[in-house]
Every structure is written in structure tokens, then in C-alpha cells.
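First comes the structure, then the notes that go with it.
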Amino acid sequence: QVQLVESGGGLVQAGGSLRLSCAASGRTFRNYAMGWFRQAPGKERDFVARISWSGGIRYYADSVKGRVTISRDNAKNTVYLEMNGLKPADTAVYYCAAATVATERSYDYDYWGQGTQVTVSS
């Protein structure tokens with residue numbers, strides 16, 4: 001089992017920045033690739049970014065490319081999502097997830113956090 005706890009969400013004005021964190025505990029964090037997803041009210045859960053176990057491979061959704069950076073610190077068992085230039089369309093609950101092989105598909109992930117709310121005002 002891997003337990004994931006997100007933090008860092010909040011209310012921010014358009015154009016602002018937030019840094020989300022996801023702290024992992026349980027089984028060895030470095031064995032897992034990690035992903036971030038988001039879900040807006042009434043919509044499906046969408047892929048945002050993913051990172052390989054070593055941090056050497058990163059991939060972003062087109063909707064956030066250039067504005068978002070995913071990173072991880074295996075010594076701290078934590079993955080981060082740095083978001084800049086936030087838009088109202090970025091408003092959603094953001095979830096981190098762990099997988100043995102990270103993809104853009106939510107069903108490939110084995111463990112999920114409870115989510116953290118990000119609200120961007122116009």
C-alpha cells in the first residue's frame with residue numbers, strides 16, 4: 001500500500017501561482033512513477049502531468065504545457081506540481097497518484113490521494 005496526501009491548494013487570482021505537494025508513505029516511493037490529475041465539477045478526471053520514478057521523464061497535458069512543472073524528491077517521498085499563469089479553467093480538485101508505469105490514463109494508477117482544491121478567480 002501507498003498512502004498519498006496532497007496539500008498546497010487554495011484560492012488564487014488568475015495569473016497567480018501555486019505549488020502542490022503530494023507526500024507518500026508506505027511502500028517504497030521511488031519504485032513508483034507519479035502522476036497528477038484534476039477533476040472539475042461535472043467533468044471527468046483529466047491527466048495533468050506525470051513523472052518517472054527517477055524524475056528523468058516528464059510529460060504534460062497540452063492544456064498545461066509551459067505553465068506547469070512536475071518534480072519529485074525521492075529522499076522526501078514527495079512529488080510536486082508547480083503551477084504558474086493560472087487560469088479560471090484550471091479550477092478543479094487536483095489528485096496525485098502512483099503507478100508502476102505512469103501513463104496518461106487514470107485507470108493505470110494504483111494509488112490515489114484524497115485531492116486538494118484549486119480555485120482560480122478571474
Side-chain angles (χ1 to χ4, degrees):
Q1 288 284 341
V2 175
Q3 293 78 42
L4 303 172
V5 179
E6 302 95 335
S7 62
L11 174 64
V12 63
Q13 288 187 332
S17 299
L18 281 175
R19 187 196 198 199
L20 306 184
S21 299
C22 173
S25 61
R27 302 186 71 174
T28 307
F29 175 69
R30 65 174 60 87
N31 287 346
Y32 291 89
M34 299 296 295
W36 283 96
F37 290 78
R38 65 185 182 185
Q39 188 167 20
K43 295 188 177 181
E44 295 185 350
R45 190 169 296 189
D46 291 332
F47 167 76
V48 176
R50 61 176 170 87
I51 188 168
S52 62
W53 67 270
S54 67
I57 299 173
R58 310 178 193 196
Y59 189 77
Y60 300 94
D62 288 341
S63 58
V64 301
K65 199 171 294 182
R67 301 187 296 120
V68 166
T69 302
I70 187 171
S71 61
R72 67 188 294 161
D73 185 337
N74 286 343
K76 295 182 178 180
N77 288 356
T78 302
V79 62
Y80 304 97
L81 189 71
E82 185 80 33
M83 303 189 292
N84 301 302
L86 284 163
K87 307 174 183 179
D90 295 318
T91 296
V93 177
Y94 284 70
Y95 299 89
C96 69
T100 51
V101 178
T103 70
E104 295 81 70
R105 300 181 295 268
S106 60
Y107 56 77
D108 286 331
Y109 289 76
D110 303 305
Y111 303 102
W112 291 84
Q114 83 291 345
T116 185
Q117 176 71 47
V118 171
T119 303
V120 184
S121 63
S122 57

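Nearest heavy-atom pair, G35 versus Y109, reported as atom, atom and distance to 0.1 Å: N-CE2, 3.6 Å. Among all heavy-atom pairs drawn from A98 and M34, the shortest one is CB-SD, 3.6 Å. For the residue pair D108 and A99, the shortest heavy atom distance occurs at O-CB, 3.5 Å. Nearest heavy atoms, L4 versus A24: CD2-CB, 3.6 Å. Residues V118 and G9 approach most closely at CG2-CA, 4.1 Å, considering heavy atoms.
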Identify all side-chain donor-acceptor contacts of residues 64-72 below 3.5 Å with residues at least two apart in sequence or on another chain.
from : atom 1 : to  : atom 2 : distance (Å)
K65  : NZ     : D62 : OD1    : 3.1
R67  : NH1    : G85 : O      : 3.0
R67  : NH1    : D90 : OD2    : 2.8
R67  : NH2    : S63 : O      : 2.9
R67  : NH2    : D90 : OD1    : 3.0
R67  : NH2    : D90 : OD2    : 3.4
R72  : NE     : W53 : O      : 3.4
R72  : NE     : N74 : OD1    : 2.8
R72  : NH1    : Y32 : O      : 2.8
R72  : NH1    : S52 : O      : 2.9
R72  : NH2    : F29 : O      : 3.2
R72  : NH2    : Y32 : O      : 3.0
R72  : NH2    : N74 : OD1    : 3.2

Check: residues 39-48 side-chain donor-acceptor pairs under 3.5 Å, at least two apart:
from : atom 1 : to  : atom 2 : distance (Å)
Q39  : OE1    : R45 : NE     : 3.4
Q39  : OE1    : R45 : NH2    : 3.4
Q39  : NE2    : K43 : O      : 3.0

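The salt bridge (Lys or Arg N to Asp or Glu O under 4.0 Å) analysis of residues 111-120, with sequence neighbours excluded, yields no pairs. Listed by first and then second residue, the salt bridge (Lys or Arg N to Asp or Glu O under 4.0 Å) pairs that reach into residues 110-122 come to none, sequence neighbours excluded. Within the structure, no pair that satisfies the disulfide (SG to SG under 2.5 Å) test touches residues 28-65, not counting sequence neighbours. Listed by first then second residue, pairs satisfying salt bridge (Lys or Arg N to Asp or Glu O under 4.0 Å) with a partner in residues 5-16 number zero, not counting sequence neighbours. The stretch residues 61-92 participates, sequence neighbours left out, in no disulfide (SG to SG under 2.5 Å) pair at all. Among residues at least two apart or in separate chains, there is no ring pair (Phe, Tyr, Trp, His ring centres under 6.0 Å) pair with a member in residues 58-108. For residues 17-71, every residue pair satisfying the disulfide (SG to SG under 2.5 Å) rule, not counting sequence neighbours, is listed here: C22-C96. Sequence neighbours left out, the pairs with a member in residues 91-104 that pass salt bridge (Lys or Arg N to Asp or Glu O under 4.0 Å) are R50-E104.
Looking at heavy atoms from C-beta onward, R38 lies out of side-chain contact with T91 at the 4.5 angstrom threshold.
K87 NZ to S122 OG: the interatomic distance, rounded to the nearest 0.5 Å, is 14.0 Å.
Hydrophobic cluster membership of L11, counting Ile, Leu, Val, Met, Phe, Trp and Tyr whose side-chain heavy atoms lie under 4.5 Å apart directly or via other members: none, as it forms a cluster of its own. Hydrophobic cluster membership of V101, counting Ile, Leu, Val, Met, Phe, Trp and Tyr whose side-chain heavy atoms lie under 4.5 Å apart directly or via other members: none, as it forms a cluster of its own.
Hydrophobic cluster membership is shared by Y111 and V79, with clusters built from Ile, Leu, Val, Met, Phe, Trp and Tyr side chains linked at under 4.5 angstrom. Residues V2 and W36 fall within the same hydrophobic cluster, defined by Ile, Leu, Val, Met, Phe, Trp and Tyr side chains chained together at heavy-atom separations under 4.5 Å. By the criterion of side-chain heavy atoms lying less than 4.5 angstrom apart, applied directly or through intervening Ile, Leu, Val, Met, Phe, Trp or Tyr residues, F37 is not grouped with M83; the two fall into different hydrophobic clusters.
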